[in-house]
Amino acid sequence: MRFDRSDGVFCHVTSLPGPHGIGDLGDGAAAFLSFLGEAGVDYWQVCPLGPTIGAAGESPYQSPSAFAGNPLLIDLRGLVDDGWLEADDLEPVPEFPTDRVDYEAVREYKLPLLRTAFDRFEAAEETGAGGTFDAFREREPWVEEYALFRALSAARPEDTWVEWPEPLRTRDPDALAAAREEHAEEIRYHEFLQWTFDRQWAALRDRAAEAGVEIVGDVPIYVALDSADVWANPEAFRLDEGNRPAAVAGVPPNAGDDGQRWGNPVYDWERLAENDYGWWMDRFRRLFDLADVARLDHFLGFVRYWAIPADADDPAAGEWNDGPGRALFEAVEREFGEAPFIAEDLGFEDARMDDLMAEFGFPGMRVPQYANWTEGGNPYQPMHYPESVVGYTSTHDTDTWVGYYEDLAPAQRDALHYNLGYGGDRPIEWAIVEEVWSSEAILAMTTVQDLLGLGSDARFNEPGTVDGNWEWRVERDALSDDLAGRLRELGEFHVR
């Protein structure tokens with residue numbers, strides 16, 4: 001797909017302002033879209049929208065579903081408008097922090113209210129309230145398996161599905177039928193949550209379109225082992241006869257490190273090819289319902305991937321395997337036409353990956369925090385970005401620009417000043433925003449944290465750690481008219 005020269009801002013939904021302890025799909029999201037519209041910004045980028053669990057540190061990249069939405073993002077006031085909650089039900093609202101998400105407190109407050117809304121929906125169904133609900137269930141066949149998975153998980157909270165009794169683990173039809181009957185109400189509750197999320201997200205996308213903003217979603221190449229995706233679709237993954245992983249993903253050792261064992265089950269690409277990558281087509285179809293553009297995380301994995309035997313702890317025990325390459329994206333084009341993808345290619349050099357991106361017109365990524373500022377012509381310095389990339393000031397996985405700058409070694413900082421022509425005459429965060437916006441990169445992206453000049457305490461995620469991630473939130477008054485105006489002027493000056 002050919003992109004136009006444009007710009008965007010990253011801010012995950014959980015980071016938005018709002019009254020109930022976490023960013024949601026209500027007024028805070030509407031206010032953010034209004035800010036982006038005033039700023040003349042073309043794209044709003046988010047992390048994956050799936051449910052998160054405390055055991056995974058609330059990471060949206062370790063979700064129990066690649067298809068489902070996060071119920072914690074549901075706008076409670078929207079449920080009041082639906083008639084399934086009363087305004088008084090929301091009171092008293094706890095004194096949530098406004099600058100971060102306390103996930104445990106949010107769950108304690110929101111989940112009982114979501115259950116109440118479901119109960120009232122069920123009571124109202126006889127009056128016809130369930131018509132569009134049934135249509136959603138028919139349109140989205142994944143939701144039934146997802147809801148059954150969540151019901152079974154709730155019944156065995158100490159176990160992952162690979163520890164379930166064999167008839168459930170291996171999906172014996174009689175065992176599944178009995179489970180559907182036993183957990184019918186819980187299954188319907190989770191379907192109701194997904195229908196509610198879907199309706200509210202669709203309304204938000206309509207608002208985004210009215211503001212002239214397109215949404216950039218995110219596709220982690222791998223899914224969590226303890227997910228409905230693996231349990232319900234064992235044929236898509238390299239599992240053994242007992243439906244346990246035969247191989248897991250990671251990266252091999254390099255000079256200076258021991259490699260990484262991620263633990264996600266790898267795909268059975270040969271078997272997937274036999275039905276034209278049907279599971280992936282379903283995944284992309286759902287994605288295009290939720291977003292206009294998608295970032296494909298770890299794009300190298302579509303070309304080649306490191307598979308580690310599941311019983312091996314050492315990443316060095318793995319081996320390289322070929323991914324689907326062009327065959328997958330030819331299937332995407334047959335199904336959907338030109339695909340609006342951004343390829344996350346950071347940290348890897350591979351000629352076949354570069355050729356695949358060029359063939360399908362997928363821009364790669366450049367982040368100036370990867371740059372060696374003392375090296376002439378370094379590809380991560382914005383002045384050397386080609387047109388075929390998306391330039392970011394920071395990402396969800398890096399430090400903020402100010403945090404990065406404060407930790408720079410003196411020689412690197414001096415070279416950075418030289419490369420940017422920086423003399424301390426403007427905030428350092430705006431110096432890099434302007435540099436990325438002025439580059440040849442077809443898309444220029446920044447984060448809300450960088451626009452506000454925030455330090456490392458506002459970092460969204462630190463890979464390899466669990467505590468304190470995914471919590472940062474922006475306060476409503478920070479999204480000022482002055483900030484929007486400055487961003488608009490920058491985009492207009494650099495023809496974005």
Side-chain angles (χ1 to χ4, degrees), residues 1-10 39-45 214 216 218 293-300 340-351 353-402 404-405 408 412-422 426-451 486-487 489-496:
M1 174 178 171
R2 172 69 184 179
F3 289 90
D4 295 324
R5 184 173 171 85
S6 49
D7 56 9
V9 175
F10 168 83
V41 166
D42 304 292
Y43 291 101
W44 171 20
Q45 182 170 335
E214 295 191 39
V216 180
D218 202 320
V293 177
R295 188 192 80 118
L296 300 181
D297 194 32
H298 192 60
F299 189 78
L300 177 67
F341 291 142
I342 296 167
E344 188 275 293
D345 58 341
L346 297 170
F348 295 98
E349 294 183 6
D350 187 283
M353 177 179 68
D354 294 341
D355 290 343
L356 183 64
M357 292 164 57
E359 178 180 356
F360 289 91
F362 301 157
M365 290 177 56
R366 296 289 186 275
V367 183
Q369 294 187 34
Y370 284 64
N372 178 349
W373 297 100
T374 65
E375 177 186 25
N378 184 278
Y380 291 101
Q381 296 171 3
M383 64 285 297
H384 302 302
Y385 290 173
E387 184 182 14
S388 59
V389 301
V390 182
Y392 289 79
T393 62
S394 304
T395 74
H396 65 279
D397 274 344
T398 71
D399 204 343
T400 66
W401 178 259
V402 168
Y404 161 82
Y405 176 77
L408 268 181
Q412 286 288 324
R413 184 177 296 185
D414 289 344
L416 167 65
H417 291 173
Y418 175 80
N419 278 282
L420 299 187
Y422 179 73
R426 62 198 192 281
I428 187 62
E429 66 272 12
W430 278 94
I432 197 63
V433 170
E434 291 170 10
E435 194 70 20
V436 171
W437 256 241
S438 70
S439 74
E440 294 297 316
I442 192 67
L443 302 183
M445 302 284 290
T446 190
T447 66
V448 171
Q449 292 97 315
D450 286 349
L451 291 176
R486 185 169 186 178
L487 194 53
E489 289 178 4
L490 189 67
E492 291 174 348
F493 183 80
H494 293 292
V495 198
R496 292 194 178 276

So M445 and T395, side chain to side chain contact (heavy atoms under 4.5 Å, CB included) or not? Walk me through it.
CA-CA 9 Å; M445 302 284 290; T395 74; over 6 Å; no
Of all heavy-atom pairs linking L451 and W430, the shortest is O-NE1, 3.5 Å
What are the two closest non-hydrogen atoms of G8 and W437, and how far apart are they?
O-CH2, 3.8 Å
Nearest atoms (heavy-atom pairs only) where D7 meets G491:
OD2-CA, 3.9 Å
What are the two closest heavy atoms between D450 and T393, and how far apart are they?
OD2-OG1, 2.7 Å
Might you point out which heavy atoms bring P382 and E435 nearest each other, and give the distance in Å?
CB-CG, 3.6 Å
Do you see a donor-acceptor pair shorter than 3.5 Å between the side chains of Q369 and S394?
yes
State whether the number of non-hydrogen atoms from other residues, nucleotides or ligands found under 6.0 Å of E349 atom CD is greater than 12.
no
Ring of Y405, cation from R413 - is the NZ or CZ under 6.0 Å from the centre and inside 45° of the axis?
yes
Side chains of N372 and Q412 only: does a donor on one sit below 3.5 Å from an acceptor on the other?
yes
SB check R426 E434 (cutoff 4.0 Å)
yes
For residues S6 and D4, is any side-chain donor paired with an opposing acceptor at under 3.5 Å?
no
Can you check side chain to side chain contact (heavy atoms under 4.5 Å, CB included) on L443 and I342, steps first, answer last?
CA-CA 10 Å; L443 302 183; I342 296 167; 4.1 Å; yes
Is the closest side-chain donor-acceptor distance between W373 and N378 under 3.5 Å?
no
Taking it one step at a time, do V402 and I428 satisfy side chain to side chain contact (heavy atoms under 4.5 Å, CB included)?
CA-CA 7 Å; V402 168; I428 187 62; 4.3 Å; yes
Other residues, nucleotides and ligands only: do more than 12 of their heavy atoms fall within 6.0 Å of CD on E440?
no
Is a side-chain N or O of N419 found less than 3.5 angstrom from the main chain of A415, in a donor-acceptor match?
yes
Do the rings of H298 and F348 sit parallel, tilted or perpendicular, given the 30° and 60° boundaries?
perpendicular
Taking the side chain from E387 and the backbone from A441, do they hold a donor-acceptor pair closer than 3.5 Å?
no
In terms of the angle between their ring planes, are F360 and F362 parallel, tilted or perpendicular, with boundaries placed at 30° and 60°?
parallel
Which heavy atom in Y422 sits nearest to a heavy atom in A431, and how many Å separate them?
CD1-CB, 3.8 Å
Is it the case that the side chains of E375 and Y380 hold a donor-acceptor pair, with the cut-off being a distance below 3.5 Å and no angle test?
no
Hey, are R366 and D345 close enough for a salt bridge, meaning a charged N less than 4.0 Å from a carboxylate O?
yes
